[in-house]
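Heads up: the structure comes next, in structure tokens.
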Amino acid sequence: MKAVTEVSPCLACSRPDWRPKACLFALLLMGVIEGAGASQPDQDLTELPLEQLMNESKLMDASMGSASRFNQRVSTIPSAVTIVSREDIQQYGWRTIAEAVRSVPGFYISSDRSYNYIGTRGFARPQDFNSRVLLLIDGQRTNDAIYDTAYVGTEQLIDIDLVERIEVVRGPGSSVYGGNALFGVINIITRTAQQIDGVELGASYSSFNTLDGRATYGKRLDNGAEVVASVSGMDSAGPDLYFPEFDAPETHFGRTSGNAFDRNSRFFAKLSHDGLSLTAAASQRQNGNPAASYGVVFDDPANKQTDSQAYVNASYTRNLSADSEISARLYWGEYRFGLNAVYAGASPSDPPLRNRDRSQANWWGSEAKLVTAWSERNKLVSGLEYQSNYHQKQWNYDLNPYQSNLDDLRDSSRGGVFVQNDFQWSDSLKISLGARYDKVGTATGEFSPRLGLVYRWSEHTVWKLLYGSAFRPGNAFEKFYAFPAQQIANDKLQPEKLRTWEAGVEHYLGMQTRLAATAYYYTMDKLIEQVIEPGSGLLQYQNVGKINAQGLELEAEHQWINSARLRLSLDLLQTQNAQGEQLSNSPRAVGKVLGALPLPWMNLRLGAEGQWLSSRKTDAGTSVPSYGVVNLTLLRPMAKDGWQFSASLFNLFDKKFTDPAAPDLGVPTRDRFEQDGRTFRVKAVYHF
Amino acid sequence: MCVLQLCRRPAAARRYATLILAVALATVGGWLRPAFAQSTPTDENMLKATFVYNFAKYADWPDNLWNKSPKLRICTAGERGGFAQAVAALESKPAIRDKQIEVRQIFHPEEAAGCLILVIAGRTRMAEWTRGVRLAPVLTVGDGEGFAANAGLIGLYADGDKLRFEINQEASQRAGLKLSSQLLKLARLVKDEQAGAR
């Protein structure tokens with residue numbers, strides 16, 4: 001593979017611009033962790049309190065329910081999966097789901113200073129609003145019904161401190177989840193009342209005058225009922241920024257201040273008793289548009305956007321017998337978006353034009369699922385799902401003078417039925433065969449099969465093979481958004497289709513070490529992209545061509561008996577568009593390091609995270625250079641006195657780096673966004 | 001690295017500072033090894049056995065049984081493998097409430113008399129064992145799926161990358177055992193299910 005030949009064995013050291021820091025950092029990390037982990041004192045584990053045992057010991061072969069919608073050990077799942085635990089989130093100082101997911105092999109994040117965009121396996125298209133990854137909260141789909149976006153930044157519904165773990169399944173998930181589960185499924189599991197057990201007050205202060213506060217209550221009552229309620233909020237002034245594309249006297253020489261503000265508020269409540277669970281969640285985030293995206297007036301704080309989300313659901317789970325479980329869910333959701341934009345008048349003497357871009361979606365849905373071990377060797381999961389998007393409205397108007405540019409109201413529905421059977425052919429071979437049929441609106445149905453094989457080669461080694469098909473229908477924005485003299489709708493948009501082949505091997509050494517390698521090939525047909533429609537010369541989303549990619553994900557993880565941990569991963573990949581060229585925003589290599597180390601003082605733990613991305617092409621034909629960043633977090637875990645403290649330094653070496661920018665007709669000369677330099681955060685949590 | 005006043009120095013100086021820092025930290029890390037007192041077991045079976053040992057601290061058996069038992073006998077049954085072996089290794093652990101631990105392997109539910117704890121490994125014949133000893137004053141602990149719902153007392157299960165346990169309080173009442181509220185607080189509580197299809 002071409003990508004492999006370009007990367008020397010010491011990947012980081014082969015880059016002249018990055019060599020010294022990366023090598024020294026690696027040395028630092030390895031040295032410290034080796035030093036600390038080399039000896040394993042023969043300590044009597046039985047003397048540890050049970051609670052500490054429960055919280056601090058990590059199972060290498062973890063259990064997760066997101067891959068096939070029932071709980072399985074990782075070593076028995078055909079897909080490549082990763083669990084991000086609450087301990088990881090605290091240890092590495094992650095502030096958003098995006099930061100947590102970025103640590104997972106195969107994932108990378110780019111930002112345009114308003115939103116975070118998930119790239120997976122070299123795939124991150126411009127104008128892809130995270131619609132190719134499915135985001136669940138406790139199994140509840142949260143991609144909205146306008147843009148199909150998986151929200152992972154500060155606009156995310158759930159405060160990261162309410163997360164017990166994040167289950168990430170790489171590869172196709174449509175065979176059990178339907179649309180949007182193309183490159184991965186991210187399932188955020190929230191903490192239970194029992195895990196919170198009391199009141200938690202949290203506060204943090206970080207760079208750019210950012211304040212964050214949270215109050216959470218969780219209690220299991222004597223009758224077994226569990227109650228969780230949480231409110232939180234964040235207010236950030238944001239950094240002063242420089243945009244070279246605006247470096248002119250009339251636009252303050254590209255400097256803007258007070259425009260990267262970011263505020264959010266969140267609410268979450270959960271009540272459960274005896275298999276019945278009621279959840280309500282709501283969030284609102286307002287942030288600025290410092291990059292003057294869409295061609296708005298630069299450095300004007302009236303440019304801002306608001307994302308609001310809410311959902312309520314009721315779910316019920318019941319064991320029919322020792323081997324069968326049935327569950328059902330009824331839900332309602334809402335998403336609202338509002339962009340306030342100020343555009344320059346037609347001539348310098350005209351007043352600026354104030355424009356509003358709005359959308360709102362409301363939906364309700366239901367699903368039912370049956371999991372049954374119907375024989376000694378067979379496990380079956382099957383289910384039905386229906387969602388009605390009964391209100392999908394997009395509108396746009398100018399304020400002065402009033403003029404409507406778009407007023408589009410739709411409704412749609414989607415329904416699906418799936419079945420998967422896991423057959424234990426022999427003690428060592430499991431065959432997992434599943435498929436799902438989806439009907440989205442009036443389009444023809446989509447059939448998404450998946451075949452997985454898991455072969456336990458020895459006590460320590462598992463081989464995995466997977467073929468899966470996944471799809472994504474065009475969303476309301478892609479199909480119906482139109483703007484005079486700029487963008488035209490396309491109601492003929494067909495679903496894009498992804499086929500993935502994967503082969504993996506996992507090796508568990510003494511339950512302390514896990515080595516994993518996954519090779520994949522995928523091909524996307526009828527890719528939905530924004531292009532210039534030749535007839536009108538305007539933008540339009542169309543099914544264009546085909547892309548394919550192949551790659552290799554390597555992972556090594558070790559935990560020492562003193563709870564020091566190290567995880568290394570390296571992704572190597574190659575993507576091709578119809579012309580055989582590497583895609584834009586598609587790094588050929590991504591390296592990650594996560595290390596945590598207990599320090600001998602005050603139970604402190606030091607966590608270090610390193611991320612390295614090779615250079616990426618931009619859509620303008622240029623490329624952004626490779627970069628590496630290192631983050632450090634010093635954590636004092638929750639102690640008996642009820643306090644938890646942490647201090648983090650992000651981008652420790654103050655590395656300047658950029659992400660490719662999606663083409664923007666309003667700012668045609670821009671090809672990249674510069675990201676934050678060194679920042680800090682201090683945080684305290686009090687529990688009583 | 002501004003704390004070291006190196007920000008304005010040439011890059012080489014910063015590089016050496018980082019190198020020195022790395023070596024220093026590695027040295028300190030190595031030197032302080034013995035200080036890493038808190039340790040966490042990582043072998044899953046060892047962890048499960050450690051849980052079993054802990055449960056013994058939080059359970060109360062009927063007085064007459066406790067008083068006439070010279071030792072704290074833990075019996076192992078079910079699938080042979082790492083879990084049973086790890087439990088066998090508990091014999092060398094410190095006594096609990098002045099009783100030394102002894103571990104015996106048993107093959108039939110009738111042999112469970114005299115066991116204070118019965119560890120049933122795996123799912124094979126799990127229900128047969130739990131039903132066989134359901135009225136006996138023995139603390140049953142198992143790692144098969146649905147152990148506690150199948151009349152077992154304490155079932156171990158993996159929740160994400162954590163090992164957790166569930167308790168069937170009806171089963172503990174039937175057995176005449178008292179489990180401390182501290183233990184209940186850490187557990188997921190489950191109830192009896194009807195026996196399954198097999």
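Here the structure is a predicted model, which is why all the values come from computation and not from measurement. Chain identifiers are assigned alphabetically (A, B, ...) following the order of the sequence lines, protein sequences preceding nucleic acid strands; residue numbering begins at 1 within each chain.
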Fill in the blank from the handout: For Arg188(B) and Gln194(A) the tightest heavy-atom approach is N-NE2, 4.0 Å

Exercise for the section: Give the minimum heavy-atom separation between Arg220(A) and Leu189(B), together with the two atoms involved. Expected result: NH1-CG, 3.7 Å

Practice task
Using non-hydrogen atoms and a 4.5 Å limit, figure out which bit of Met64(A) sits close to chain B: side chain, backbone, both or neither.
Solution key: neither

Completion exercise
Bottom line for Asn71(A): the part with an atom under 4.5 Å from chain B's heavy atoms is neither

Problem - Atom group of Lys185(B) that falls short of 4.5 Å from chain A, counting heavy atoms - result: both

Exercise for the section: Answer yes or no: are there more than 12 heavy-atom neighbours, outside Gln182(B) itself, under 6.0 Å from its atom CD? Expected result: no

Exercise for the section: Check for a donor-acceptor pair, side chain of Glu51(A) on one end and backbone N or O of Leu186(B) on the other, with a separation under 3.5 Å. Expected result: no

Problem - Inter- and intrachain pairs under salt bridge (Lys or Arg N to Asp or Glu O under 4.0 Å), touching residues 111-121 of chain B, at least two apart - result: none

Handout entry: Listed once per pair and sorted, the salt bridge (Lys or Arg N to Asp or Glu O under 4.0 Å) pairs that draw on residues 168-182 of chain B, sequence neighbours left out
Key = Arg174(B)-Asp192(B)

Exercise for the section: Supply the atom-to-atom distance Leu183(B) CG to Leu50(A) CG, rounded to the nearest 0.5 angstrom. Expected result: 6.5 Å

Exercise for the section: Spell out the residues in residues 158-165 of chain B that have some non-hydrogen atom less than 4.5 Å away from a non-hydrogen atom of chain A, in order of number; otherwise answer 'none'. Expected result: Ala158(B), Asp159(B), Gly160(B), Asp161(B), Lys162(B), Leu163(B), Arg164(B), Phe165(B)

Problem - Contacts of residues 55-65 of chain B with chain A (heavy atom under 4.5 Å) - result: Phe55(B), Lys57(B), Tyr58(B)

Practice task
Indicate yes or no: does Glu145(B) engage Lys379(A) in a salt bridge with an N to O separation below 4.0 Å.
Solution key: yes

